[in-house]
Amino acid sequence: MARIKQVFYMTKTTFLEEQHNKRVIMGFILGITLFGYWLNLFLQYALDTGEPVNVLEAFVVVEHHHKSILFLVVGWLLMISDAPFIKKNTYLLLCRSSRKQWDAAMLQYIMIQTFLYVASIVVVSVAVSILLGFWGNMWSSPVYHLAMDTNNYLGVKYNISFPWVNIMQTMTVPQAFMITFVFLFLYLVLIGFLLYVCNLLLKEIYGILIVFGIQIAGYLLQQEGITYLLSLMAKAIPGYAIDGNGGQWKVVVLFCAVILILAFVSLWLIGRVDFNDEAEEG
């Protein structure tokens with residue numbers, strides 16, 4: 001119990017140190033702003049149709065847009081770019097606990113910060129959609145017509161698309177909303193843990209370049225049509241996995257497995273970090 005309290009204490013300390021960090025604040029603002037760009041395109045389309053939309057649909061539609069996920073990760077990477085969050089007082093914290101406990105606290109911080117990042121985007125999406133939306137399980141006419149836009153006429157006109165009829169056929173809006181939230185959360189946790197592990201091995205700039213390079217590669221593979229087998233970013237889009245037979249849960253298991261592997265790798269690497277040198281550089 002005492003060890004668990006120490007982990008939560010170090011997580012709390014990291015939050016207190018990071019909450020006023022300009023980089024973290026800018027990451028939140030950038031993520032919401034980038035999301036807001038495609039949110040505005042979708043709502044403008046809905047306004048032009050003159051039909052109301054479900055207040056949960058905007059988040060689902062925007063998060064299924066490839067460029068949206070590509071740029072949302074930019075805001076997230078800005079927030080956690082200095083992982084593993086080594087400060088001048090890190091050495092003192094280690095004297096009172098252990099490296100493994102400190103590592104667990106840093107991973108816990110990344111997970112909680114991920115949840116707050118995704119939740120802030122959801123709050124903005126729902127709050128804005130309330131102005132012209134309704135609550136319920138039903139999909140709206142604007143999203144239905146967007147999904148049936150096989151010629152991509154609406155996609156070209158409004159720069160927003162949602163070619164995922166399979167989602168509408170197998171899920172209600174709240175179900176699609178929740179699975180989209182889970183996919184985005186797990187994907188960003190995976191990206192965060194990957195950056196954390198890379199930064200334990202290398203200097204921060206190289207870790208960021210590696211992780212962002214993987215993100216860009218995933219987007220390019222997706223654009224070339226090599227989507228689901230090789231692109232992690234494509235796997236973060238539920239529409240590729242939802243097949244009416246629980247295919248989405250296979251992706252959830254995959255993400256959780258990779259996250260768990262990265263956590264064990266960080267636990268192995270943490271003994272090699274020279275905290276004194278890192279703290280002096282920070």
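All of these numbers come straight from a predicted model, not from anything done at the bench.
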Exercise. Rounded to the nearest 0.5 Å, what's the gap from CG on L30 to CD1 on I25? Could you check?
Key: 13.5 Å
Quiz item: For V128, which residues count as a side chain to side chain contact (heavy atoms under 4.5 Å, CB included) partner, sequence neighbours excluded?
Solution: L39, L43, V124
Quiz item: With sequence neighbours excluded, what pairs up with F42 under the ring pair (Phe, Tyr, Trp, His ring centres under 6.0 Å) test?
Solution: none
Quiz item: Which residues pass the side-chain hydrogen bond (donor to acceptor under 3.5 Å, both in side chains) test with Q248, sequence neighbours left out?
Solution: none
Exercise. Measure up the F59 and F35 rings against each other and bin them: parallel (under 30°), tilted (30 to 60°), perpendicular (over 60°).
Key: tilted
Self-check item: Rounded distance (nearest 0.5 Å) linking atom OG1 of T170 with atom CG of D243
Solution: 8.0 Å
Quiz item: Sequence neighbours excluded, which residues qualify as ring pair (Phe, Tyr, Trp, His ring centres under 6.0 Å) partners of F255?
Solution: none
Exercise. Evaluate the ring planes of F162 and H64, with Trp represented by its six-membered ring, and classify them as parallel (under 30°), tilted (30 to 60°) or perpendicular (over 60°).
Key: perpendicular
Quiz prompt | Partners meeting side-chain hydrogen bond (donor to acceptor under 3.5 Å, both in side chains) with T114 (sequence neighbours left out) | solution = none
Exercise. Could you tell me the separation between the CG atom of L209 and the CG atom of L195, rounded to the nearest 0.5 Å?
Key: 10.5 Å
Self-check item: N159 side-chain N/O to L41 backbone N/O, donor-acceptor pair under 3.5 Å
Solution: no
Self-check item: M106 side, atom CE; S266 side, atom OG - distance, nearest 0.5 Å
Solution: 11.0 Å
Exercise. Apply side-chain contact (heavy atoms from CB on, under 4.5 Å) to M138 and N54, showing your working.
Key: CA-CA 7 Å; M138 295 179 58; N54 192 307; 5.6 Å; no
Quiz item: Counting N and O atoms only, with roles assigned by atom type, does the side chain of E57 sit under 3.5 Å from a partner on the main chain of V143, one being a donor and the other an acceptor?
Solution: no
Practice problem: Supply the atom-to-atom distance C256 SG to L190 CG, rounded to the nearest 0.5 angstrom. | Solution: 10.0 Å
Quiz item: How long is the span from the CG atom in L201 to the CG atom in L269, to the nearest 0.5 Å?
Solution: 4.5 Å
Self-check item: Sidechain-backbone polar pair: W76 side chain, L188 backbone, donor-acceptor under 3.5 Å
Solution: yes
Quiz item: Is there a donor-acceptor pair closer than 3.5 Å between any side-chain N or O of D149 and the backbone N or O of L154?
Solution: yes
Quiz item: Under 3.5 Å, side chain of N166 to main-chain N/O of I242, donor-acceptor pair present?
Solution: yes
Quiz item: Does S129 reach the main-chain N or O of V126 with its side chain, forming a donor-acceptor pair under 3.5 Å?
Solution: no
Exercise. Please lay out, stage by stage, how V24 and Q113 fare under the test side-chain contact (heavy atoms from CB on, under 4.5 Å).
Key: CA-CA 10 Å; V24 175; Q113 195 70 284; 4.1 Å; yes
Practice problem: State whether the side chain of S68 and the backbone N or O of V62 hold a donor-acceptor pair below 3.5 Å, judged by distance alone. | Solution: yes
Quiz prompt | Pairs flagged by ring pair (Phe, Tyr, Trp, His ring centres under 6.0 Å) wherever residues 131-161 is involved - sequence neighbours left out | solution = Y45-Y158
Exercise. Check the angle between the aromatic planes of F177 and F181 and answer parallel, tilted or perpendicular using the 30° and 60° thresholds.
Key: tilted
Practice problem: Could you label the plane-to-plane angle of the W164 and Y240 rings as parallel, tilted or perpendicular, counting under 30° as parallel and over 60° as perpendicular? | Solution: perpendicular
Exercise. Assess the side chains of Q44 and N40: does a donor N or O sit below 3.5 Å from an acceptor N or O?
Key: no
